[in-house]
Structure formats: structure tokens, C-alpha cells
Participant: 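Would you mind keeping the following structure in view while I ask a few things?
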Amino acid sequence: MSHYIILDLEWNQNPHRRSGDDEILPFEIIEIGAVRLNDRLEIESEFDRLIRPCVYRKMHKKIYEVTHISMEELDRKGIRFRDAITQFLDWCGDDPVFCTWGSMDLTELQRNMVYHGIELPFDLPFLYYDLQKIYSLIKGERTKDSLDTAVAELHIDTVRPFHHALDDAWYTACVMQRMNFFSRSKYVSVDYYRLPEPKSEFVLHFPEYDKFVTHPYETREEALADRKLTQVVCCQCQRALRKKIRWFSSNQRFYYCLAVCPEHGYVKGKIRIKKAEDGGVFAVKTTKITDQSGIDLVISKKEDVRRKRSERAKRLKLHSLDENAAQSANQSHRSSSRRKIMDR
DNA sequence: CGTCTCTAAGGCACCCGGAG
DNA sequence: CTCCGGGTGCCTTAGAGACG
């Protein structure tokens, strides 16, 4: 039976300006807190360790304001990161399913492990539940709520303080218990700290879309030149599809296309370019079978962007004409032409 | 303060077609 | 032909709000 590890970290950072350390380890973990739940989301045990930091030996002011953890306390109660992570992984048991609030914790955990020369025991792809994302899926909104907000909205008693690793993990567990987690449990997240090797790219299947994650490339151009990224496969029959609209970009990070499957209809594609750890890039492609409204959405996306721009350009032109007129005319002329703009 | 993400908006260069 | 402005694409900047 699977069990869930609700993880929360506290970390410190360089209290001064950027230095060489920042690029190696921007965030140094100072506390690991976690709650273990069984497959019915009942609490089985809790884990909490303070860590004596070795990179940043001064507490960042803002971090102290948030966590109220002092360096003195860490020196007194903290243990070595190596010992804490060993105890933590041991406490997690076999095949834990990790859950966090937000997408940063598992990345930072791994970055700290690598810094300390500890081998990563996690699967590749490293799947986990981002409960902040699941919470917004259940609400049907695109907002990213803070943990405090979710706790308040679900009327969870605030019997513990916030912003301590174990307490926040415990609140996260409470939110998970009360938000009908299993209705969205197919929506796993992927941690992108470790990326697949070439030829080991992977696809994740979701109820209404597929997600494809590439290996790292040197440049965006190199990524977009790779057929494995740009080809679109039907989510239903895995057939390679012909495109009706080639890949185009509405901004600098997203690309869209529209393909058609002879059996299952239209499939829209979306590519998102992301930065990899080593300075290169990788891409996440999602493909989704779509109905007429989805088709129209893609078809008109270019035109929407175009129309928005041209409307804005017209507004600006009128506005500049207005200002020019204002320089040579009196106040009444100015207000009348302003009214004209408002009517548009 | 520093990370991340998303959005809006500004600057710039290029292409293209109409006016001269 | 040149000139000019609109449309377009690409890049940068800034703000908001999540995380610590």
C-alpha cells in the first residue's frame, strides 16, 4: 500500500549580495519537516529536524522575519544536513509518494543533497503531488493560493503557528485531507531538477492531455529543431499527426500548433521552454484532443494577439494626437477629444 | 532579499505595400 | 525608385504573488 510524505522545508540564503556561493547553492536548507499519511490520508507519524548550516552562517533578515529561527538556535539544536537527510529518507520508508505545497521544495532538497555529495535515490521522472496545484484544480481557478489562505478557506483550526517546517507540513496534510484530493489524484506533477537523458524522454498521460518532457538542449533553437519535440502524436491512438497550423509563438516562452487525427479529430499542441540546471533549456509539450471551441481558440489566437496590438496602437495614436492637440489648443478642445476616446 | 512564474507593456528591427 | 507607416516578431523590463 502506498503512503504519502507531506514535506515542507525552511531554508536560508545569502544575507548579503550575490557571491559565488549563490550559484552553487542559492538556498540552504535549515529545517526538514514532514508528516506521513497512510493511503486513507490518516496521520501515521511526524518528522522534524533542524539543520546546522555550513554555507550561509548568518541568518538572512527576511528569513528570520518569516521563520523566527535564529543561527544561535540552529547551532544549538541543529544536526548535519547529511545526518538529517539520512534520517529523513529512512523515516520515509519504501516507495513514498511525496506531496508539497508549491513546486520548489523537492528541487531544493535535491540541490542540497547534490551539494553535500549525497546520491539521489529518487525515480526519474520524479513524480510528486503539488497540493497547491491540486487545490486550485479543485477550486477550478488558476490562482495560486498561499497555505494560510487554503487553511482559512477550509476552516481548519489554526492551533499551530505557521512557517515552521513540521507545522506547515501538518497544515498541508490537513488541507489534503479536506479537499477531496482523490478526485484529482491523477494530476501528478514532475520535478524538473533532474531531466531525462536523450532517448529517455518520457510521456505522462492525464485524463484529457499528454505531457512530454525532453532532455536538456544547449539552446531553444536546438530544442525546436528536434522532431521528437515538434511532432504531435494523437493522445488516443498514438498516431503521428499532420498539422493544420504549424508551431507559432504568441510570446517568447510558449508555442502552439493544431494537428488533426483522422480518427479522433483535432489535437492542439503547446510547447513550453524552460531553463535547465546547467544553463541549457528543455521543453515540456502538452497535447490535448479538442473540440470546435478549442480549434477556434488556436486558430484565433494569432488573430487575437494581432487585434489586441492593433487596437492598442490605434489607442496610442489617438492618445498622442490628443496630446499634440492639447499642446496647441485650449482646455475645452482637450476634454472633447478625450470624450471621443472614451466612447470607443 | 532571492527564487520562480505569469502578465503587461515598451523598445527595436524587419518586412511589406501604398504614396510620391 | 525612395519614403513612410502599419503589422509583426523578438527581446527586455517591471510588477504581482507564491515560496523561504
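Values reported hereafter were calculated over all heavy atoms of this structure, with side chains retained and with hydrogens, waters and symmetry mates removed. Order of the sequence lines fixes the chain letters, A, B, ..., with proteins taken first and strands second; residue numbering starts at 1 for each chain.
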Participant: Looking at B:dT5, I'd like to know if its phosphate oxygens (OP1 or OP2) sit under 4.0 Å from a side-chain N or O belonging to A:Arg142.
Facilitator: no
Participant: Have a look at A:Asp8 and say if it touches a base, only the backbone sugar-phosphate, or nothing, with a 4.0 Å heavy-atom cut-off.
Facilitator: sugar-phosphate
Participant: I want to know whether A:Tyr193 and A:Phe126 have ring centres closer than 6.0 Å.
Facilitator: no
Participant: Check this for me: does the side-chain of A:Gln13 come within 3.5 Å of the base of C:dG20 through a donor and an acceptor?
Facilitator: yes
Participant: OP1 or OP2 of B:dT5 less than 4.0 angstrom from a side-chain nitrogen or oxygen of A:Lys274, does that happen here?
Facilitator: yes
Participant: Which atom names give the shortest non-hydrogen contact between A:Asp130 and A:Ser189, and what distance separates them?
Facilitator: CB-OG, 3.5 Å
Participant: Tell me which residues in residues 47-54 of chain A lie within less than 4.0 Å of DNA chain B, going by non-hydrogen atoms.
Facilitator: none
Participant: Indicate the ring-plane relationship of A:Phe181 and A:Tyr4, choosing parallel, tilted or perpendicular according to the 30° and 60° boundaries.
Facilitator: perpendicular
Participant: Does A:Lys62 reach a base, just sugar-phosphate, or nothing at all? Heavy atoms under 4.0 Å.
Facilitator: base
Participant: Is there a side chain to side chain contact (heavy atoms under 4.5 Å, CB included) between A:Thr172 and A:Thr100 once you walk through the steps?
Facilitator: CA-CA 8 Å; A:Thr172 305; A:Thr100 59; over 6 Å; no
Participant: Considering only heavy atoms, which members of residues 147-179 of chain A lie under 4.0 Å from some atom of DNA chain C?
Facilitator: A:Leu147, A:His163, A:Asp168
Participant: If you compare every side-chain N and O of A:Trp11 against the phosphate oxygens of C:dC19 (OP1, OP2), does one of them come in below 4.0 Å?
Facilitator: no
Participant: How is A:Thr67 classified with respect to the nucleic acid when contacts are heavy atoms under 4.0 Å: base, sugar-phosphate, or nothing?
Facilitator: sugar-phosphate
Participant: Quick one: sort the A:His215 and A:Tyr217 rings into parallel, tilted or perpendicular, breaks at 30° and 60°.
Facilitator: tilted
Participant: Would you call A:Val203 and A:His205 a side-chain contact if the rule is heavy atoms closer than 4.5 Å?
Facilitator: yes
Participant: Mind checking A:Glu108 for me? I need base, sugar-phosphate or nothing, with any heavy atom below 4.0 Å counting as a touch.
Facilitator: nothing
